Amino acid sequence: MSTPLLEISNLKTHFFTRAGVAKAVNGISLTINKGEVVGIVGESGSGKSVTGFSIMGLVDEPGRVVGGSIKFKGRELLTQSVEEWRNFRGNEVAMIFQDPMMTLNPVLRIDTQMIEAVRTHEKVSKAEARKRAVEALAMVGIPSPEERVKAYPHQFSGGMRQRVAIATGLLNRPDLIIADEPTTALDVTIQSQILSEMQTLCRKTGMSLMWVTHDLTVIAGLANRVAVMYAGKIIEEGAVEDVLDKPLHPYTEGLVGSVPSKNHRGEPLYQIPGMTPSLINLPEGCSFRMRCPKATEKCHCEPPVTETANGRRVCCFHPNL
Amino acid sequence: MSDTNKPYLRCEGLSRAFVKKLDLAGRIARSLGSNLREERVQAVDSVDLSVMPGEVLGLVGESGCGKSTLGRMLCGILPRSEGKIYYKGQDIDSLSAQEIKNYNINVQMIFQDPFASLNPRKRVRNIIGEAPLFHKLTTSSELDDYLAKVMLRCGLDPSYTHRYPHQFSGGQRQRIGIARAMAVQPECLVCDESVAALDVSIQAQILNLFMELRNELNLTCLFISHDLGVVEHISDRIAVMYLGRVVEVAPVEDIFNSPFHPYTKALLDEVPRLDRRGVDFTPLAGEIPSPLDPPSGCHFHPRCPHVMDICKKEAPVDMEIAPGRRACCHLATMR
Ligand SMILES: Nc1ncnc2c1ncn2[C@@H]1O[C@H](COP(=O)(O)OP(=O)(O)OP(=O)(O)O)[C@@H](O)[C@H]1O
Ligand SMILES: Nc1ncnc2c1ncn2[C@@H]1O[C@H](COP(=O)(O)OP(=O)(O)OP(=O)(O)O)[C@@H](O)[C@H]1O
Ligand code: SF4
Ligand SMILES: [Mg+2]
Ligand SMILES: [Mg+2]
């Protein structure tokens, strides 16, 4: 196979807080190939966003990437200069956030912002940049984009604003989009419009997509592959149908089992016992062991990663193999 | 407990309009010379709905369609613009002082946002204990025992009574909100998006708590959510709202097996499900129209695949389409 688009190996991003070191991302490895849609799921605080920020070179104080490697088209990112990072962002990779106003400026017209975004990365005329902005808006399904491009962000509904933010991310035709829960705050109907547009884009342009969410049902419909995170680690990874139909890791099994549609109407839902551990004070060995129905004495040691024949990975002493 | 054939809560022609204030972005734009004005929103538009004793009625619909506004009016915590509310068959405008007090105790609301709805400067002891003391359901000397019982029931450690809300996780805060409502021993809960902000694993814990409380205490519930998977799991009947109006009401099986209203059908098609893989997402055409300027006739007509001439001109009336099922669509009259 050719070089993967993105290749993360043993990445560690830690936050040095007053209370101690929070190991938000603690040795994850993941590859994304061209045209692939990869879902990242896991509960709140498991390190999904920090993984995205690490790829973008946007980890803020008191956080720092403390180990591992991130390669993009074979090139190491972690040794890039500030200038190289700036070129990389927006040009080769774009990130979209749950709140579109993290991307958009409320006091500037959409065209002003989008033209600026194009011209930061490429020396093109204003007219050319505007043409691209209009094309990008059309691509994400904004009706009469020539008109709407002159509006301010507040003149759009929440779903429309999110699409404008996505269009802004698409301006320089990145190879990879990192979408951090961009539809979580939206309605099913609008979510479905955005998913449809993203899906079409990937199919048409060969763009890759990393979709971060805690909603397994979205991943089920959208992604080719899924990585499940728990306490800063990827504890299971594989093709969507494999992972959701036959989870190998006890945590994934619990997660899939607690989705309402997996349970009989009106009956108690499956519940993962216990609580998410503090990242500052992780238990020794497997960090899921306090909540795990299968845990044994062994699990006090670091669990091994097992790879199966059909390309699945699981990090557990007692996987459902 | 009242007669099981009479609605516990019922509303008739219930309406509420708001004058919509500009958001921050709007105010900034206005200060920069744009000519934005404050506008009127018909958040709830002449709704007839009944909640039967002991049932869980799910209320679903897109954001901004008026679910919270309707729920808050039914709880008596938001004034109506128009319409009637009946509590155990009695018009709440004609209740005696004592009956109003009963209504206020018996119908409790659990709010959408556990962060915003808990006073950050109050300890859990006061958050949960204030109302039962006020309503004389317990005394100061017995409060600790009383609180311990309520908190245990809601899965909270009673030794936490001296903590503040920020010292709890999201799921625990949601439990505090539930415990606060349960502390006055209500007969009916209006739950507004009580699990929307939670992870699946915590969502499961809270939903289980609900179902337990409901079964044990035979509670009546109006459960508001835009998560159809959740609503399907816990509801007996479902009401679907679109732009301020209730467009369909039916038992849960009927809504999911044979939806009638084109909007209900569209909504169900969009729901992502665990067993729907590699979906070709084909969204419902058009945007949710602005409630500031709702479409004429049937509000859904610009997005409806079955739109007819009459739909653009006349608002359809609510009618019975089968025993126990109501819908508000011109297709119902055509049958
Ligand atoms: N600025 C920060 N300072 C200290 N710790 C941080 C900071 N940002 C993140 N963390 C730590 O990193 C962990 C992972 O955070 P992250 O935002 O990646 O979680 P997530 O999986 O995206 O969760 P969510 O679903 O809630 O968005 C958090 O639990 C937190 O402890
Ligand atoms: N206090 C208020 N002032 C002005 N407008 C309001 C107010 N409360 C609600 N609205 C408007 O009324 C409409 C209905 O709002 P409501 O909160 O009832 O919707 P909802 O169905 O609960 O939405 P969501 O799913 O987002 O919670 C919206 O257009 C909203 O902007
Ligand atoms: S390693 Fe042990 S504790 Fe961890 S998930 Fe597997 S069985 Fe459970
Ligand atoms: Mg996050
Ligand atoms: Mg609401």
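In what follows, every heavy atom counts, from backbone to side chain, and hydrogens, waters and symmetry copies are set aside. Note on naming: letters A, B, ... go to the chains in the order of the sequence lines (proteins, then strands), and numbering restarts at 1 for each one. The structure presented is a predicted model; accordingly, all values stated were derived computationally and were not measured.
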inquiry  = If I measure from the heavy atoms of chain B, does A:Val256 come under 4.5 Å with its side chain, its backbone, both, or neither?
reply    = both
task = Determine whether A:Arg265 and B:Glu232 make a side-chain contact, defined as any pair of heavy atoms from C-beta on separated by less than 4.5 Å.
result = yes
Side-chain heavy atoms of B:Met211 within contact of A:Glu267, under 4.5 Å = no
query = If every non-hydrogen atom of A:Pro260 is compared with every non-hydrogen atom of B:Gly229, which pair is closest and at what distance?
reply = CB-O, 3.6 Å
ask   = Could you give the distance from CG (A:Leu195) to CD (B:Glu270), rounded to the nearest 0.5 Å?
value = 9.5 Å
remark   = Value for OG (A:Ser261) from CG (B:Leu228), rounded to nearest 0.5 Å, stands at 11.5 Å
ask   = Which residue out of A:Leu244, A:Asp215, A:Leu255 racks up the most heavy-atom pairs below 4.5 Å with chain B?
value = A:Leu244
ask   = Most heavy-atom pairs under 4.5 angstrom with chain A, which of B:Val252, B:Asp227, B:Ile234?
value = B:Val252
ask   = For A:Gln199, is it the side chain, the backbone, both or neither that has a heavy atom under 4.5 Å from a heavy atom of chain B?
value = side chain
key: Heavy-atom closest pair, residues B:Gln205 and A:Ile272   = NE2-O, 3.7 Å
note = Here the gap from A:His214 atom NE2 to B:Gln203 atom CD, rounded to the nearest 0.5 Å, amounts to 8.0 Å
message = Report which part of A:Pro268 has an atom under 4.5 Å of a heavy atom belonging to chain B: side chain, backbone, both, or neither.
response = both
message = Quick one, B:Pro272 and A:Gln191 - any side-chain contact, counting heavy atoms below 4.5 Å?
response = yes
key: Side-chain donor/acceptor of B:Asn208 to backbone N/O of A:Leu269, under 3.5 Å   = yes
task = Just jot down the side chain to side chain donor-acceptor pair (under 3.5 Å) partners of B:Arg214, sequence neighbours excluded, or say none.
result = B:Asp236
message = Given heavy-atom pairs under 4.5 angstrom as the criterion, report whether the side chain, backbone, both or neither of A:Asn224 touches chain B.
response = neither
Side chains of residues 227-235 of chain A: which donor-acceptor pairs under 3.5 Å do they make with residues two or more places apart or in other chains?
unit_1, atom_1, unit_2, atom_2, d
A:Tyr230, OH, A:Arg291, NH1, 3.2
A:Lys233, NZ, A:Glu302, OE2, 3.1

